[in-house]
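Each chain gets a letter, A, B and so on, in the order its sequence line appears, and its residues count up from 1.
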2 protein chains.
Amino acid sequence: MKNQEELFLDFLARKRLKNTSQRMIILKSFLRQSLHLSTEDFYLQLRKKHPAIGYATVHRTLKLFAECGIAAERNFGDGQTRFEVNYDNEHHDHLVCTGCGKIIEFENRQIEQLQLDVARTHNFFIKDHRLELYGLCAACHASEASSLS
Amino acid sequence: MKNQEELFLDFLARKRLKNTSQRMIILKSFLRQSLHLSTEDFYLQLRKKHPAIGYATVHRTLKLFAECGIAAERNFGDGQTRFEVNYDNEHHDHLVCTGCGKIIEFENRQIEQLQLDVARTHNFFIKDHRLELYGLCAACHASEASSLS
DNA sequence: TGTATTTTGAAATCCGTTTTCATTTTCTTG
DNA sequence: CAAGAAAATGAAAACGGATTTCAAAATACA
């Protein structure tokens with residue numbers, strides 16, 4: 001099993017793309033934090049240490065990560081694309097707190113199996129899926145309950 | 001059980017909003033076709049019969065439908081918001097063909113139950129969820145297979 | 001090393017969504 | 001059944017995130 005950095009370098013070589021210092025900096029920074037950051041937030045974060053790297057480069061590089069499989073693009077309905085590190089190829093889904101924005105990952109084999117069953121009954125050949133549960137985390141639920149009139 | 005039109009009129013009255021001919025035309029047109037249309041596509045469709053109704057009004061009215069529950073906003077990751085008629089309050093999920101764009105609705109009680117289980121183990125209080133399965137419908141899968149070199 | 005090719009960063013552009021604003025329509029109430 | 005107040009309309013502008021353009025800089029192949 002190759003690590004993420006090797007995977008990316010292989011990808012660049014395969015595509016005859018060039019290995020630049022910006023790309024390496026962005027990759028390392030991206031791997032360091034597996035949060036679900038939007039391009040904007042990630043850029044602002046990165047800018048603190050590397051103010052010379054432009055937004056366009058960050059955007060393009062995150063897209064490359066998604067293309068070569070080391071990142072996954074997510075969209076939780078707030079109009080912003082978020083990127084997360086895609087360790088191994090295990091799929092996972094998300095619980096999204098609409099109160100504080102917290103995102104929790106989970107995995108459930110039974111649900112995945114049932115999805116395959118659904119697809120089969122419709123003669124569908126699944127390539128991907130997305131499952132998101134929206135609601136309130138324990139903290140937000142508690143504070144909402146206590147603030148009711 | 002009230003029908004969609006009554007629900008909308010009640011909603012307008014409750015919110016002290018006005019009942020206009022445009023809103024009624026848009027409502028009837030929307031109910032007539034339960035496809036998953038984007039605002040743009042719906043507008044283009046409507047314009048054939050009612051060229052005087054503006055895009056902004058269509059957009060605002062679809063938003064009202066979503067607010068009062070007779071429509072659901074959907075987002076299948078192609079950057080366009082789609083609206084569908086929300087009959088009764090049964091939730092359903094979607095199979096999306098990435099080949100031809102066809103969208104099939106399905107419902108699965110077992111998956112819904114497992115979602116509740118997942119939420120409980122994370123102390124989450126679910127308000128909503130979305131599940132989409134992306135892949136190829138039978139026709140697209142067949143044509144892809146036959147076009148392989 | 002030289003040179004062709006790719007990448008970069010800033011700014012411009014894209015495109016769906018939303019808002020603005022002057023005008024028109026609806027609805028309330030006297 | 002009129003005003004007058006409040007809300008809705010349509011055209012156009014503004015918005016915001018994603019993407020592209022372009023000239024200059026960096027990379028890597030020969």
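Set against D:dT9, D:dA12, C:dC27, the side chain of B:A56 has D:dA12 as its closest nucleotide. Candidate nucleotides D:dA8, D:dT20, D:dG17 were compared by shortest atom distance to the side chain of A:H59, and D:dT20 ranks first. Among the nucleotides D:dA18, C:dT17, C:dG9, the one closest to the side chain of B:T39 is C:dT17. Nearest nucleotide to the B:I53 side chain, out of D:dG10, C:dT8, C:dT17: D:dG10. Closest approach to the B:Y55 side chain among C:dT18, D:dT19, C:dT7 is made by C:dT18 (side chain taken as heavy atoms from C-beta onward). Taking every side-chain heavy atom of A:R23 into account, C:dT7 is the closest of D:dT9, C:dT17, C:dT7. Candidate nucleotides D:dA28, D:dT9, C:dT18 were compared by shortest atom distance to the side chain of B:R60, and D:dT9 ranks first. Residue A:Q22 places its side chain closer to C:dG9 than to any other of D:dA18, C:dG9, C:dT17.
One distance of note links CG of A:L44 with OH of A:Y55; it measures 9.0 Å at 0.5 Å rounding. Interatomic distance, CZ of B:R14 versus CZ of B:F11, reported as 6.5 Å (0.5 Å rounding). Here the NE2 atom belonging to A:H91 is positioned 7.5 Å from the CG atom belonging to A:L131, to the nearest 0.5 angstrom. Atom CD of B:E73 sits about 11.0 Å away from atom CZ of B:R130, to the nearest 0.5 Å. Of the inter-residue distances, the one linking B:K63 atom NZ with B:T39 atom OG1 reads 8.0 Å to the nearest 0.5 angstrom.
In summary, the side chains of B:H36 and B:E105 do present a donor paired with an acceptor at a separation below 3.5 Å, with no hydrogens or angles considered.
In this structure, the CG atom of A:D78 is 15 Å from the C1' atom of C:dT17, given to the nearest Å. The interatomic distance linking A:L17 (CG) with D:dC29 (C1') rounds to 15 Å, in whole Å. Rounded to whole Å, the distance from CZ on B:F83 to C1' on C:dT18 is 12 Å. As rounded to whole Å, 11 Å separates atom C1' of D:dG17 from atom NZ of A:K63. Put simply, CZ on B:R82 is 15 Å from C1' on C:dT17, counting in whole angstrom units. Here D:dT9 presents its C1' atom at 15 Å from CG of B:L12, a figure rounded to the nearest Å. Per the geometry, OH belonging to A:Y43 stands 7 Å off P belonging to C:dA10, to the nearest Å. The interatomic distance linking A:F42 (CZ) with D:dG17 (C1') rounds to 17 Å, in whole Å.
Residue-level contact check: A:T81 touches the backbone only, with heavy atoms under 4.0 Å from sugar-phosphate atoms and none from bases. B:S21 comes within contact range of no nucleotide atom at all, as no heavy-atom separation falls under 4.0 Å. Across all strands, B:E40 comes closer than 4.0 Å to no nucleic acid atom at all (heavy-atom distances).
Nearest-nucleotide assignment on DNA chain C puts the 5′-proximal partner with A:T57, out of A:T57 and B:S38.
In the interface, the side chain of B:K18 is paired with the base of D:dA6 through a donor and an acceptor atom under 3.5 Å apart.
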